[in-house]
Number of protein chains: 2
Amino acid sequence: MSTPGPRRITIKDVAELAGVGVATVSRVLSGGSASAETRERVLDAATKLDYRPSALGRNLRQQRSGGVALLVPDITDGFYARLCDGVLSCARSYREPVTIGVTGDDAEQEADLVGGLLEQSMDRIIAVPSGDGEMWASAVRAGLNVVFADRRVWSPGSHARTLDEVPAVLSDDRSGLRTAIEYLTGLGHRKIGFLARQGMNQRVAAFREAMGDLLDEDLVVFARASRDSAYAAAAGLFQRRADLTAVIAGGNMLGEAAVLAARELYVRIPRDLSLIMFDDVPWAELCSPPLTVIAQPASDVGYRAAELVLRHGRRPRTVSLPTELIVRSSCGPRR
Amino acid sequence: MSTPGPRRITIKDVAELAGVGVATVSRVLSGGSASAETRERVLDAATKLDYRPSALGRNLRQQRSGGVALLVPDITDGFYARLCDGVLSCARSYREPVTIGVTGDDAEQEADLVGGLLEQSMDRIIAVPSGDGEMWASAVRAGLNVVFADRRVWSPGSHARTLDEVPAVLSDDRSGLRTAIEYLTGLGHRKIGFLARQGMNQRVAAFREAMGDLLDEDLVVFARASRDSAYAAAAGLFQRRADLTAVIAGGNMLGEAAVLAARELYVRIPRDLSLIMFDDVPWAELCSPPLTVIAQPASDVGYRAAELVLRHGRRPRTVSLPTELIVRSSCGPRR
DNA sequence: AGTACTCATGGAAACGATTCCATCATCATT
DNA sequence: AATGATGATGGAATCGTTTCCATGAGTACT
């Protein structure tokens, strides 16, 4: 079928044409020391033959394949899409390919994916973790170079030490939530709900903390990664608790579900219910009414995470990027 | 820094423990012929040692690295995000990693990316092509296994033969456009504009064709890949041609820009301007007014493309997936 | 019994890079 | 002039797998 084609140009060919040994060619090409004259001859030969080093050979020798892996819960979610974009744009400047996997916020799939990466000898990975500490701790011990993005893993007990070493790039949802809740309480709201997705432990914890005395545990509900599940969670909450006057959606899919469910149930926004959504997506402004949001620097999170895993130099423990409350028209005074 | 750790388990270790040669182990593990007894001994040894074959070694030997590459113009665009999702979900069932690159609809970046893939010896690639036929033809000749998704390359002249061989998975925007335009003309519209992005040649051609006599070349405008550019194109069109009564946005970013620009310029939808957008994104329903759209099976396009490149069996020339006009409230009669 | 054929099997040769190590030349120091 | 230090250089080993080929055992057929 495929034509046999001209044999691939290898380092050996270059060496031969330049009249030097392969070792010298390798050194010249990877910036080792060599005399000016040899260097020129090698470079000359390489361009003359249009030599492209094979990543395969290099990888095998170095016992690791280049590139970075990126694990996100759902690439269809605008937030994670922008995060990916940030990673990709940083990686491109290093000329490193990026392998993406989606976990669906499912620990098992995540473990599967990580297994696959290990098999490929990928040793650098950026992850929005869904799984337990166990898995990630063992991945780290296996020599994987992990950077967490958007959230880190809850490290219960023995793995705490290992996992606290893992750098993470987070957005400061704690302060975002605080200002959002201040805003809502300032409008008179007391019964404030929270729509969360499984795996958003940190964000939920921040919500609980920021709510203080006002916290009603029955008002925080969890959805799985799908749109349906998000809708069900939102509709369920709205129907179950008629006294609810404000709700914070932990992500844009949750926010979308909230708007839809409210519309379906004839709950008017912001008249009957105030809504704040995490993450400023372009359609938040187009929505009716335009949504008040807690904007997150999704792309920057990805970019910084990629920098951390690629530069590999200094390793700050954790960087936290600021969020911003953008007020539009989806919140009103309590009535 | 990193602990030397226990040496990797290789096929040699397995062979030794099982008391057979490495060749036999390889055969057993990759489904070759072997006696029942040997097979059992090998499998036993492999599980006992928890042996994981190294993709590196295999790749070098087979002169190709596994996995698929996927090139999209912009992962932030909901349509391409869903396309990616489709590819990923198909690839996962084959346990093949997916490397994603974004081209920004730029021929040069695309060529760069392809160069990188060649260097990695990736020989399977799914692309939403932006570049010229030249580049893709040479990629195909270099032995790359290409499948186009969403659009194919315009093949002028000599490369036509090579490129027509490349399978493609498209959505049937021709028929989508036709019904959309019938719908609009049925409402009395005559001056219908088209917002396109560079690289959408096929879609623009379909628009021209479907418009027939009504076509006014001045009403089709092009934007580059960015949000700003899309906005500028939309606003420009609206300001320049006050006689415009309907517009079709060639993608959801264009649609978003159109809504925004209309709002900014006090053009009321659908009263002053009817709008139809390509691609049904979740927010189309949340928008005010809810947008009439030409729905495309983005995820299926990705999935089928992945199937084509992974199964590698029969190669149908091109598959075309149906689109659907979903009528909401963004179109009204001409006034 | 001899020949031909099938099958399981293992040794060894790729694959293409990097890198260890020995060699040799050059130059400075005593 | 002898010694040591420095630096450029090339041969060969190495990474872990697949696959070619030769070997030997077993079977069927003449």
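To find a chain, count down the sequence lines: A is the first, B the second, and so on, and within it residues start at 1.
Phosphate contact (OP1/OP2 of C:dC15, side-chain N/O of A:Thr10, threshold under 4.0 Å): absent. The side chain of A:Thr24 places no N or O atom within less than 4.0 Å of a non-bridging phosphate oxygen (OP1 or OP2) of D:dA8.
Remark on the helix from C:dA1-D:dT30 to C:dT30-D:dA1: inter-end axis angle 50°, axes from five-pair C1' superpositions, rounded to 10°.
Among residues two or more places apart in sequence or in another chain, the side-chain contact (heavy atoms from CB on, under 4.5 Å) test is passed with A:Val22 by A:Ile11, A:Lys12, A:Ala15. Applying the ring-ring contact (aromatic ring centres under 6.0 Å, His included) criterion to B:Phe148, with sequence neighbours excluded, gives B:Trp136. For A:Ser65, the side-chain contact (heavy atoms from CB on, under 4.5 Å) partners two or more places apart in sequence, or in a different chain, are A:Asn59, A:Ser121, A:Met122, B:Leu56. For B:Thr318, the side chain to side chain donor-acceptor pair (under 3.5 Å) criterion is met by B:Arg152, not counting sequence neighbours. Residues satisfying the salt bridge (charged side-chain N to carboxylate O under 4.0 Å, His left out) criterion with B:Arg92, sequence neighbours excluded, are absent altogether. By the side-chain contact (heavy atoms from CB on, under 4.5 Å) test, B:Leu144 pairs with B:Val114, B:Leu118, B:Ile125, B:Ala139, B:Val146, sequence neighbours left out.
Residue contacts for A:Ala23: at a heavy-atom cut-off of 4.0 Å it reaches a base atom on one of the strands shown.
Distances from the side chain of A:Arg27 to the nucleotides D:dG10, C:dT18, C:dG10 place D:dG10 closest.
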Please write out each protein N/O paired with an N/O of nucleotides 25-27 of chain D under 3.5 Å, distance rounded to 0.1 Å.
none

What are the atom names and distances for every N/O pair under 3.5 Å that joins the protein to nucleotides 24-28 of chain C?
none

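For the contact set between residues 51-69 of chain A and DNA chain D, defined by any heavy atom under 4.0 Å, the members are A:Leu60, A:Arg61, A:Gln63. For the contact set between residues 39-47 of chain A and DNA chain D, defined by any heavy atom under 4.0 Å, there are no members.
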Let me check something: any side-chain donor-acceptor pairs from residues 26-36 of chain A under 3.5 Å, sequence neighbours excluded? List them with distances.
residue: A:Ser30; atom: OG; partner: A:Ser26; partner atom: O; Å: 2.6
residue: A:Ser35; atom: OG; partner: A:Thr38; partner atom: N; Å: 3.3
residue: A:Ser35; atom: OG; partner: A:Thr38; partner atom: OG1; Å: 2.4

